[in-house]
Every structure is written in C-alpha cells, then in structure tokens.
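Only one structure is covered here, and it is reproduced in the block below.
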Amino acid sequence: MKKIIWITSIIATIVILASYTVSERHQPDEMTIEKSTPVQQILKQLGEEDPNHVLNKSMNKASAAIGEALFIKGFAKKEGGKRGIQSKHFVCTSCHNVEKEDPDLRYADPQARLEYAAENKIPFLQGTTMYGIVDRRGFYDGDYYLKYGENVKKANNDLREAIQLCAIECAQGKELEDWELESILAYLWTIGLKMEDLSLSESDWKRIQSDIKNAKKHKELATFIKSFYLKASPATFLKPPKDRVTGYNMKGNPKNGKLVYDVSCKHCHEDTRYSFFNLDDNPATFKHLDKNFSKNNRYSSYFLIRDGTYPYYGKRAYMPRYTKEKLSDQQIEDLRAYVEQMAR
C-alpha cells in the first residue's frame, strides 16, 4: 500500500512539473519586443522614468473615447449631458494630424513630410502631429516663445499645460475642464509611437532583441531607441522676403506647388472650412492669389504664410504661421509657380 502511494506521489509530482514547464514555455516574455509594441512600454521596461503626463487614474470621469470626440469634433458628452463646443472657430485637427506624418521621425524635413502627406492622403499642416506626442518631452519649442511669451514657460515641459494653451490661445476657445483635459490626454496615449514607426534596419532590430535580454545594456539600449525620434518639434520663425517681386529668388516647381496647394491650403480654405477666405480651382481664385503674391501688403501669400494673421475682436479665426520646419522657402516658391501657372 505504501509503495502504491509512493509511486502515485512520484507520478503526480512529474505531472505537476511537466505542466509547470509547459506553462512556463507558453508564458509571454515580458521583455519581448514586437513591432506593434508601444515605444513608451519598452522604455519603461528598460528602466526609464515615466513622463510627467502619465494619466491620472483617479479621474474616473475621463476616457480616451471622450478625448477623441473632443479632439476631432470639439465637444463630448459627460454624464448624460453635453458641454458646449470648446471652440467656435477650430477643432484640434484644424492644425494637427493624428497620424504619423514624417517618413523618418529623426528629421524635421518639410519636403519629405509633404511627399509623405500626399502619398498617405493626410493634410500638410502648420502644427505638429499629435501622433507620438506622448513620447516627446518638449512642447511649444523654439520660437513659439516669441508668440506666446510667458505662457510657453509653463507649457514647454508639461503636456497638460501645452494642451490647455492650445485650447485657449490657438483654438481661441474655452479653457478645458479637468475631465476634458485628462480625456484628451488619455486619447493621446492611444496614439503613441510604436516600434514599427521607427526607421529601424534589420541589424537595429537584431541589436534590440539581443540587448534587451541583458540588463547591463538596458540604459544604453533606451538611449539607442530614443535616438530614432525627435524629443521635441523644432520651430523657427522666418520673415517674408523683403522684395515680394523677386521673392526668395529661387526657381519654383509648379508640380510641387500643386501638392502644397492641395494638401495644405485647401485643408483650411476649401469651402471656407476654417477660414472666411475660400480657395478652389477656379481660374479667378488663382488670378487673385497671383495678383497679391508680389504686393508689399498683408494680402501677399508670402506675408500670410510666414507671419500668419492674428485674431481680433469680432473675427477670432486666424491663420497660424508656417515655421521653417513645416514649410520651406523653396516650397513657397513652388506654390507661387503653381499659382502663376494656373492664373494664365
């Protein structure tokens, strides 16, 4: 009898160990990196500190679904009711994409971005994309201090403050309530960078998959991964050319100018979507643009593109300026060449 019990115990132990081994074999490795893995998830596993815009989980009235509605539509329901529209003039997608807009996230190249936008049928906009914004650590960088002054100091390293600044100053709307702000942040966390968004070569992937298994290499690996995207969106304000007749003295490419007109200008101006000034493909429209391009006044496209317009009482909708990193001097000359071609 004792022998039977002993043999039974051994068999049971073997079965348990075998089950444990099989179970372990099928457990996902927490350090495995897939192409769809969020970059921030990997960096956290590698020992990086959380950014200061991690979600406030105690804000239980907030949700990513509410945030998406606010971001795209400008309003959302809360507890059966609906707050008034955040802005009468703009929604977030007036100036910001929610998709990847740069083929290589390491560079702010306006021509590469224009071609990528046209190919992927997304707008070519003044503001940076919100896709991957949670992966950045700087906001309203560069020359935006010249426009927003002291407000930029609070927003520069704080995504919540940056969102609020955008809602009030850029969108010319109401201050966001806490549940709205946290909801938008929750939505932005759903469109963070994935590993597949980085321009990784096959050898880069092999290095990452190898080094992640070695704890001694984690700090260096985190730095390596972060080298594949910008930590802030650079912004350099440029002035219009002094002589509007000669412009930037560059030969324009009308084919490239058509891309600018179609995926940028029309985004806001076609059917007066966000502007009082309508743009279409009517010859009269191009003749009007052509006539004003070379004028030394605020109606010149050189002026409007580089200096933008400012909101004022009774007309708070305005045109944001294009920075050097969002639209190059050459692209402006390309736009002018296209306008001249279509005005003939």
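These values consider heavy atoms only, across backbone and side chains, with no hydrogens, waters or symmetry-generated copies. Numbering starts at 1 and runs along the sequence shown.
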Residue pair S300 / N292, side-chain donor-acceptor N/O under 3.5 Å: no
Under 3.5 Å side-chain donor-acceptor pair for D204 and S201: yes
Ring center gap for H267 and Y274 short of 6.0 angstrom: yes
Electrostatic pair D281-K266, nearest N-O below 4.0 angstrom: yes
Aromatic ring proximity Y318/F90, centre distance under 6.0 Å: yes
Pair N256-Q111, side-chain donor/acceptor within less than 3.5 Å: yes
Parallel, tilted or perpendicular: rings of Y261 and F286 (30°, 60°): tilted
Y322 side chain to S264 side chain, donor-acceptor N/O pair below 3.5 angstrom: yes
Whether F277 and H288 hold their rings parallel, tilted or perpendicular, with breakpoints at 30° and 60°: tilted
Over-ring placement of R321 relative to F237, 6.0 Å and 45° cut-offs: yes
K154 atom NZ: more than 12 heavy-atom contacts under 6.0 Å: no
Cluster link I72 to W179, ILVMFWY, side chain under 4.5 Å: yes
Distance-only donor-acceptor check, side chains E161 and Y140, under 3.5 Å: no
K147 atom NZ: more than 12 heavy-atom contacts under 6.0 Å: yes
Cluster check L193, L185: I/L/V/M/F/W/Y, side chain < 4.5 angstrom: yes
Residues T236 and E325: side-chain donor-acceptor under 3.5 angstrom: yes
Plane angle bin for Y148 and Y144 - parallel if under 30°, tilted between 30 and 60°, otherwise perpendicular: parallel
Distance-only side-chain donor-acceptor flag, R336 / S294, under 3.5 Å: no
Mutual orientation of the aromatic rings belonging to W189 and H53 [parallel < 30°, tilted 30-60°, perpendicular > 60°]: tilted
Spacing of NZ belonging to K326 relative to CG belonging to L125, to within rounding of 0.5 Å: 8.5 Å
